[in-house]
Amino acid sequence: MGSKTATEAQKYVWEGAIPLQIHLHESEVTTLPPPSPALILAPRIGYLPLLVPQIKPFFSSTLPPGSDTVWFEYQGLPLKWYIPTGVLYDLLCAEPERPWNLTVHFRGYPGNILTPCEGEDSVKWSFINSLKEAAYIVNGNCKNVMNMSQSDQSELWRSVLNGNLEAYIRVSSKLKLGLGGDDFSIKLNTSSLKYRQSAADAEASATIKAGRIPIRLYVRRVNEDFDDVEDAPLVDNWDKVSYINHPVEIHDNGKCFTLGDAVKALLPELFPDKSLPNDSMSLPQVEDGEGSALEEASDTGRARSPEDTGESVRECQDSCSLSETADVKLIRIQGIEPKLEIPFAWVVNNLMNPEHFLHISVYVRVQEPITV
């Protein structure tokens with residue numbers, strides 16, 4: 001999002017919403033008849049705790065006494081509040097569910113599964129710390145985020161809360177975290193559907209300048225065999241999801257770097273027979289100094305994001321310990337299933353989330369070894 005004007009794809013992402021049907025958990029219902037579910041549109045780029053002010057009025061008259069500790073679950077699985085709502089939906093709903101039926105709790109926070117959340121303040125500082133992390137990956141430091149004025153930081157956060165893309169671009173462009181407009185996007189947007197390009201031109205125009213791309217990859221492992229994605233079993237615990245917080249490094253060699261190339265770089269063991277040119281990409285390892293730099297970047301006394309504290313983050317080698325018989329069944333970004341041949345420059349510039357991370361959900365079928 002380095003450009004100061006929004007593309008059509010960015011507008012679709014920011015306007016994207018998921019219809020939710022929120023049910024109050026039966027253990028917290030104190031009236032008869034029980035309250036009707038709350039129907040609400042949840043922004044894809046938003047976070048579930050930000051919906052509480054709209055949801056609570058539906059259920060306040062029936063709640064038992066006590067202090068509110070709001071959390072959500074889907075089919076018995078407590079939902080991690082710092083993962084964007086759209087990413088949760090893409091990851092957990094193999095077959096899109098409309099409306100998405102969630103259960104809300106105002107009591108009994110599962111502190112053994114979820115990190116504490118104190119409402120909007122926790123979400124805001126998780127967002128800001130993720131932005132710092134993205135800045136460090138892109139620039140090698142996060143001074144541009146640390147040096148933001150209080151008014152700019154507030155305006156940036158309000159733009160996310162209100163889904164105001166133009167205001168967001170106006171403020172975030174000062175951070176200089178964008179990759180620059182790739183020629184593929186520019187030509188596609190100016191000529192719309194009438195534009196036709198030869199394969200050679202497309203490859204040349206889809207190049208992207210060298211850099212490190214902040215990626216959050218969610219790998220949903222499924223042991224059962226299934227042909228249709230909608231037959232994938234539910235995720236009943238977070239151990240079935242590997243979370244990889246890892247950049248992809250791209251070198252400017254004049255070649256088209258595709259989404260498929262990026263996925264191969266992140267999950268090389270899923271593509272063992274397909275050699276990857278060493279001069280086109282690599283996975284940089286995070287040095288010890290980088291972790292401490294990110295820690296120092298967090299404001300003293302303020303909550304750091306769960307990603308920064310390492311919750312649910314595993315080393316890539318552990319997260320990717322997949323069988324050679326594993327195969328990718330589905331890749332989703334912002335609710336779409338893009339072709340792997342699409343230029344990665346376009347994906348990054350148009351489909352990243354406001355904290356400058358590209359969130360990718362991958363369904364992988366892994367055959368369990370036969371035991372005798």
Side-chain angles (χ1 to χ4, degrees), residues 17-18 20 22-25 27-28 38 40-60 63-92 100-134 153-154 156-163 216 218 235 237-239 241 243 245 294-295 297-314 353-355 357 359:
I18 300 168
L20 302 182
I22 311 288
H23 305 262
L24 179 64
H25 192 268
S27 66
E28 300 177 29
I40 193 169
L41 276 177
R44 271 193 153 271
I45 62 170
Y47 302 85
L48 290 175
L50 301 179
L51 302 175
V52 172
Q54 301 175 60
I55 294 172
K56 188 176 178 181
F58 285 91
F59 306 118
S60 57
L63 292 175
S67 57
D68 295 337
T69 52
V70 185
W71 55 285
F72 297 83
E73 71 169 71
Y74 174 60
Q75 299 287 351
L77 178 72
L79 299 180
K80 301 195 179 224
W81 56 266
Y82 53 83
I83 298 178
T85 304
V87 179
L88 288 170
Y89 184 67
D90 291 345
L91 182 65
L92 300 177
W100 191 21
N101 283 275
L102 301 183
T103 299
V104 64
H105 297 255
F106 289 82
R107 306 289 185 269
Y109 195 85
N112 60 324
I113 300 175
L114 304 179
T115 55
C117 178
E118 299 175 3
E120 183 183 332
D121 285 345
S122 293
V123 180
K124 177 182 178 180
W125 292 116
S126 174
F127 173 86
I128 294 297
N129 282 317
S130 291
L131 191 61
K132 293 175 186 175
E133 189 178 353
Q153 192 177 108
S154 296
L156 184 70
W157 177 241
R158 283 198 306 271
S159 71
V160 176
L161 278 179
N162 301 326
R216 288 196 168 136
Y218 308 83
V235 177
N237 67 75
W238 284 104
D239 290 338
V241 177
Y243 169 71
N245 191 20
L294 280 173
E295 186 170 353
S298 295
D299 294 347
T300 305
R302 284 174 177 158
R304 296 171 62 213
S305 69
E307 293 89 344
D308 288 343
T309 58
E311 199 228 286
S312 297
V313 179
R314 307 173 186 176
N353 273 61
E355 83 288 8
F357 272 88
H359 297 257

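Computation of the quantities below employed the complete heavy-atom set of this structure, encompassing side-chain atoms and omitting hydrogens, waters and symmetry-equivalent molecules.
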Practice prompt. Before giving the answer on side chain to side chain contact (heavy atoms under 4.5 Å, CB included), spell out for Leu92 and Gln75 the whole-Å C-alpha distance, their side-chain angles and the decisive distance to 0.1 Å.
Written response: CA-CA 10 Å; Leu92 300 177; Gln75 299 287 351; over 6 Å; no

Worksheet item: Would Tyr218 and Asp90 count as a side chain to side chain contact (heavy atoms under 4.5 Å, CB included) if you check the C-alpha gap in whole Å, the side-chain angles of each, and the deciding distance to 0.1 Å?
Response: CA-CA 10 Å; Tyr218 308 83; Asp90 291 345; over 6 Å; no

Item to complete: Starting from the C-alpha separation in whole Å, work towards a yes-or-no answer on side chain to side chain contact (heavy atoms under 4.5 Å, CB included) for Leu51 and Leu48.
Response: CA-CA 6 Å; Leu51 302 175; Leu48 290 175; 4.0 Å; yes

Item to complete: Determine, step by step, whether Thr115 and Trp81 satisfy the side chain to side chain contact (heavy atoms under 4.5 Å, CB included) criterion, reporting the C-alpha distance in whole Å, the side-chain angles of both residues, the deciding distance to 0.1 Å, and the verdict.
Response: CA-CA 9 Å; Thr115 55; Trp81 56 266; 3.3 Å; yes

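The structure places CD1 of Ile40 at 7.0 Å from CD1 of Ile22, a figure rounded to the nearest 0.5 Å. How far NE2 of His23 is from CG of Leu102: 8.0 Å, rounded to the nearest 0.5 Å. A distance of 14.0 Å separates CZ in Arg107 from NE2 in His25, rounded to the nearest 0.5 Å. For the atom pair Ile45 CD1 and Glu355 CD, the distance stands at 9.5 Å (nearest 0.5 Å).
Gly86 and Ile18 get closest at one heavy-atom pair: CA-CD1, 3.8 Å. The two residues Leu20 and Ala42 make their nearest non-hydrogen contact at CD1-CB, 3.5 Å. What you find for Phe72 and Pro49 is that their closest heavy atoms are CE1-N, 4.3 Å. Summarising the geometry of Phe127 relative to Val160, their closest heavy-atom pair is CZ-CG2, 3.8 Å, with the distance given to 0.1 Å. Contact record, Trp238 with Ile113: CD1-CG2, 4.3 Å, taken as the closest heavy-atom pair. Nearest heavy-atom pair across Leu24 and Thr103 is C-CG2, 4.4 Å.
No more than 12 heavy atoms of other residues, nucleotides or ligands lie within 6.0 Å of CD in Glu118, so this atom counts as exposed by the packing criterion.
Between the side chain of Trp71 and the backbone N or O of Lys80 there is no donor-acceptor pair closer than 3.5 Å. With hydrogens and angles ignored, the 3.5 Å screen pairs a side-chain donor or acceptor of Thr85 with a backbone N or O of Gly46. A side-chain donor-acceptor contact under 3.5 Å links Glu28 to the backbone of Phe106. When atom types are taken as modelled, the side chain of Ser126 and the backbone of Ser122 share no donor-acceptor pair closer than 3.5 angstrom. Judged purely by atom type and a 3.5 angstrom limit, Asp68 has no side-chain atom pairing as donor or acceptor with the backbone of Val70.
A centroid separation of less than 6.0 Å is found between the aromatic rings of Trp100 and Tyr74.
No hydrogens or angles considered: a donor-acceptor pair under 3.5 Å links the side chains of Trp157 and Glu120.
Each of His359, Arg44, Arg216 was checked for a side-chain contact (heavy atoms from CB on, under 4.5 Å) with Asn353, and the lone residue meeting it is His359.
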